[in-house]
Each structure stands twice: as C-alpha cells, then as structure tokens.
Amino acid sequence: MTIAPVQRTATTAWTDVRLILALEEVVETELNRHLKAAKEWMPHEYVPWSRGRDFDGVLGGEAWSLDQSKVTPLARISLVVNLLTEDNLPSYHHEIASMFGREGAWGTWVHRWTAEEGRHGIAIRDYLLATRAVDPVELERARMAHMSEGFESDNAHSMLQSVAYVAFQELATRIAHRNTGHHSGDELCDQLLAKIANDENLHMVFYRNLLKAALEIAPDQAMRAVADVVLNFRMPGHGMPGFERSAAQIAIGGIYNLRIHHDDVLQPVLRHLKVMEITGLGPVGQHAQDELGAFLDGLNAQATRFDERQAALLARRAAAAAARA
C-alpha cells in the first residue's frame, strides 16, 4: 500500500524515503510483470564446452595465442569490456540494495535483478575461456584491477537519478551486447548475447516504467533527474583499465557510439515517456526540460560529426587494405 498519495506535489515534499514508499505498489506491479515475461535460460547451453582444453600452467596444457578463436578483434575488445562491467556486480548490488532497501517488493526486485545479472557474467566468461577468445591471464588481471578499484555510482545521492540512470543504462547495455554479437563472427556468440540482451531489455522496461510513475508523482524532481542523467551519462565500466581506448575502438566499429547512444538509447526512452511533451511543470522542471532539449540538439550535431569522421576513417582503412591485397 502506498504511504503517500500518488499525485503531483511540491518538489520539496518528496524525499527519497517518501518516493520509495510511494512507488512500492508500482514496483510490485512491475516485478510481477517482469517475472511473467522473463524466460528461463541456461548459460551452460550456450558454451561450446567441446572446444575447451587445458591452458598452460598447473595442468600443463596449451598456452593461449591470438589465432585460437574465430571471434573478431572488435568483438573481443567489446566482450572483455562487457564482461568486466558485469564483474562489478557485487558493487552494483551494494549500491541498489543500499538505495532501494532489501524489504518488500523493492528488495525482491533487487535480489532478482542481481541473480539475472550474475548469469550474464558466468555465461560470457565461460564462453570466452572455452573458445579461447581472450588471453585468460590478461583477463584475470584486468578483472582484479577493475574490481579492486570498486564502483561508486554518479547518482548514488539521488533515488530519482538512480532510477533514471538505469532506465537508460540497461538499454545501452542491451544494445552493446546485441551489437557485439552481430560483430562477433560466431553464431553461438551471437545467440548467447541475444539471450543476455533480452534480459537487459526486460530490466530496462522495469526501470523505464518506474521512471514514468515518478514523472507522474513528482514531475519537477523527476524531470530534473532525467536531465541530469542524460547530460552526464557514462557507462558503468568507465573506470576499468584501458576503457577510453576500448570505447573508441567500439565506437568506430559501430558497436556503441554517439549516434547509437542518441538514436537507439536516449530517444526511445524519452519518446516513450513523452518527456518533452510534459506540461504544467514548475520552474525547476521547466528549466530541466529546456536544458534537456538543447542538449539533445547538440548531441545530435555531435553524432553527425562523428558519423562523418567514422565514414572517412573506414574508407581510408578499406583503401589501405585494398592496396595491400
């Protein structure tokens, strides 16, 4: 049962605690929808164990080399970034459990989400090692370095910003996994990442619908939260070793870049929520809405410039390759 009435009210009336209590019924509804929509799948069914063999070291197997996997170089980079991001799950769980709590519908969702996300890391790592797609030593060292740094959300100070962030971030993750699969050169990898992407899409729907309810309850605060998240968005793996270089290669390769971020992540969520169509906002909400509109126009222009540079770079690479052939 909601503690506070679900109605528009003054911005200052909605603390994080009151919002969490007021949205409990929405969380329960979305949790039940999620559980009905989610399809059970088994990570081990998408790992080609028959391709696996002992590595060098304690078991005296074969040392890893770059030519042992048919996964493309671009997909290899993206798979490592995706996996290291998933590896930080303990920190993510701590963040959302501390924010949303461990009781009631919120707590049930937190644990369910964590369990589903854990499945992703298990599946990707098993696939990478069984197919020898990556150097296992370098992968483990990168995992240790990344997790040893810990993770602190940019939005931990605000319940609404946390909800807004994951609404966009879950869709961004879905897109990144799906495009990685398409670029992998391995049909089984594509199938595995499609399964993971489907989970991420369901997570996005949960948070997107929760954000919609928040916009109805506290429109000014929620609009400010959406604007802050969109203007300052960055992926959760930004702190991992070599992230900027990997992100640049992933962008040029067409897995995730400014154009994809604008067209396939930000715009679909914002259109579904009709964020730019909301009226009756107070000064805080109106300013945030205006700021958001101006930012999106600028981001679209940046994406267009990126498209042009990407096309020119790929054309030069193709010409160089043709000259060498």
Side-chain angles (χ1 to χ4, degrees), residues 34 38-49 51-52 55 64 69 71 75-97 109-153 165-166 169-184 186 188-204 206-207 234-243 246-247 250 255-256:
H34 176 84
K39 304 297 183 183
E40 183 182 57
W41 63 277
M42 299 298 163
H44 71 273
E45 295 183 352
Y46 294 88
V47 177
W49 302 103
R51 297 190 210 169
F55 287 98
W64 179 85
S69 170
V71 167
R76 181 179 295 109
I77 293 168
S78 188
L79 281 162
V80 171
V81 170
N82 292 350
L83 176 56
L84 294 180
T85 300
E86 299 286 358
D87 277 335
N88 247 348
L89 182 60
S91 290
Y92 307 148
H93 175 83
H94 173 75
E95 291 272 350
I96 65 171
W109 167 254
V110 166
H111 295 304
R112 173 72 188 203
W113 175 88
T114 302
E116 292 183 0
E117 290 290 343
R119 178 167 59 195
H120 303 165
I122 291 168
I124 296 174
R125 173 169 282 99
D126 287 348
Y127 169 83
L128 291 177
L129 295 181
T131 62
R132 291 180 168 247
V134 298
D135 182 340
V137 174
E138 291 303 315
L139 180 64
E140 176 59 11
R141 287 172 177 166
R143 186 190 71 85
M144 288 294 294
H146 184 41
M147 293 191 69
S148 294
E149 288 295 319
F151 173 80
E152 184 176 354
S153 170
Y165 175 75
V166 286
Q169 181 265 321
E170 293 284 6
L171 181 52
T173 304
R174 172 209 166 190
I175 296 293
H177 282 307
R178 201 69 191 94
N179 286 345
T180 300
H182 291 332
H183 285 80
S184 68
D186 183 352
L188 185 59
C189 181
D190 194 19
Q191 292 173 8
L192 168 61
L193 293 180
K195 284 292 184 182
I196 294 174
N198 186 62
D199 282 355
E200 302 289 10
N201 193 63
L202 291 176
H203 298 165
M204 178 277 293
F206 176 94
Y207 286 116
R234 56 181 181 170
M235 294 294 273
H238 60 81
M240 70 179 61
F243 177 79
S246 295
I250 288 168
I255 288 178
Y256 197 92

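Since the model is a prediction, treat every value here as computed from it, not as a measurement. Here, residue 1 is the first one in the sequence, and each next residue gets the next number.
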*Is any side-chain heavy atom of Ile124 closer than 4.5 Å to a side-chain heavy atom of His177?*
yes
_4.5 Å side-chain heavy-atom contact, Thr180 and Tyr256_ = no
*Evaluate the side-chain proximity of Pro241 to Arg141: yes if any heavy-atom separation is below 4.5 Å, no if none is.*
no
*asked:* Any heavy-atom pair between the side chains of Met240 and Val81 that's under 4.5 Å?
replied: yes
*At their closest point, which heavy atom of Leu188 faces which heavy atom of Val47, and how far apart are they?*
CD2-C, 4.5 Å
*With no hydrogens and no angle check, is any side-chain donor or acceptor of Arg76 less than 3.5 Å from a backbone partner on Val71?*
yes
*What is the minimum heavy-atom distance between Pro236 and Thr85, and which atoms define it?*
CG-CG2, 3.8 Å
*Within the side chain of Glu95, is there an N or O that forms a donor-acceptor pair under 3.5 Å with the backbone of Ser153?*
yes
_Quick check on ring-ring contact (aromatic ring centres under 6.0 Å, His included): which of Tyr165, Trp113, Trp109 does Tyr207 satisfy it with?_
Trp109
*Does the side chain of Asn88 come under 3.5 Å of the side chain of His146 through a donor N or O and an acceptor N or O?*
yes
*Considering only heavy atoms from C-beta outward, does the side chain of Leu139 approach that of Arg143 to under 4.5 Å?*
no
*Which heavy-atom pair separates Cys189 from Tyr127 by the least distance, and what is that distance?*
CB-OH, 3.3 Å
*Please check if atom NE2 in His34 has more than 12 non-hydrogen atoms from other residues, nucleotides or ligands closer than 6.0 Å.*
yes
*Is Val134 close to Leu79 at the side-chain level, that is, under 4.5 Å between some pair of heavy atoms?*
no
_Exercise: identify the closest heavy-atom pair between Asn201 and Leu171_ = OD1-CD1, 4.4 Å
*Taking the side chain as C-beta and beyond, is there a heavy-atom pair between Ile196 and Asn82 under 4.5 Å?*
no
*Hey, mind stepping through Phe151 and Tyr92 against ring pair (Phe, Tyr, Trp, His ring centres under 6.0 Å) and telling me if it holds?*
CA-CA 7 Å; Phe151 173 80; Tyr92 307 148; 4.9 Å; yes
_Audit row: Glu170, Arg174, salt bridge (Lys or Arg N to Asp or Glu O under 4.0 Å) steps and yes/no_ = CA-CA 6 Å; Glu170 293 284 6; Arg174 172 209 166 190; over 6 Å; no
*asked:* Could you measure the distance from the CZ atom of Phe243 to the CZ atom of Arg234? Nearest 0.5 Å is fine.
replied: 9.5 Å
_Contacts of type side chain to side chain donor-acceptor pair (under 3.5 Å), residue Ser184, not counting sequence neighbours_ = none
*What pairs with Asp135 under salt bridge (Lys or Arg N to Asp or Glu O under 4.0 Å), at least two apart in sequence or on another chain?*
none
*Rounded to the nearest 0.5 Å, how far apart are CE of Met42 and CD1 of Ile122?*
11.5 Å
*Considering non-hydrogen atoms only, spot the tightest contact between Pro48 and Thr131 and give its length.*
CG-CG2, 3.4 Å
*Can you tell me if CD on Glu138 sees more than 12 non-hydrogen neighbours from other groups inside 6.0 Å?*
yes
*Can you run down the salt bridge (charged side-chain N to carboxylate O under 4.0 Å, His left out) pairs that involve residues 191-200, sequence neighbours left out, and say none if there aren't any?*
Arg119-Asp199
_Quick check against the 3.5 Å criterion: does Trp64 have a side-chain atom that pairs as donor or acceptor with the backbone of Arg132?_
yes
*Are a donor atom and an acceptor atom from the side chains of Thr173 and Gln169 found within less than 3.5 Å of each other?*
yes
_Donor-acceptor contact present, side-chain His93 to main-chain Leu89, <3.5 Å_ = no
*Worked verdict on Asn179 versus His182 for side chain to side chain contact (heavy atoms under 4.5 Å, CB included)*: CA-CA 5 Å; Asn179 286 345; His182 291 332; 4.0 Å; yes
*What pair of heavy atoms forms the shortest contact from Ala142 to Leu84, and how long is it?*
CB-CD1, 3.8 Å
*Kindly compute the distance separating OH (Tyr46) from CG (Asp190), expressed to the nearest 0.5 Å.*
11.5 Å
*Report the distance from atom CG of Leu192 to atom NE2 of His120, rounding to the nearest 0.5 Å.*
9.0 Å
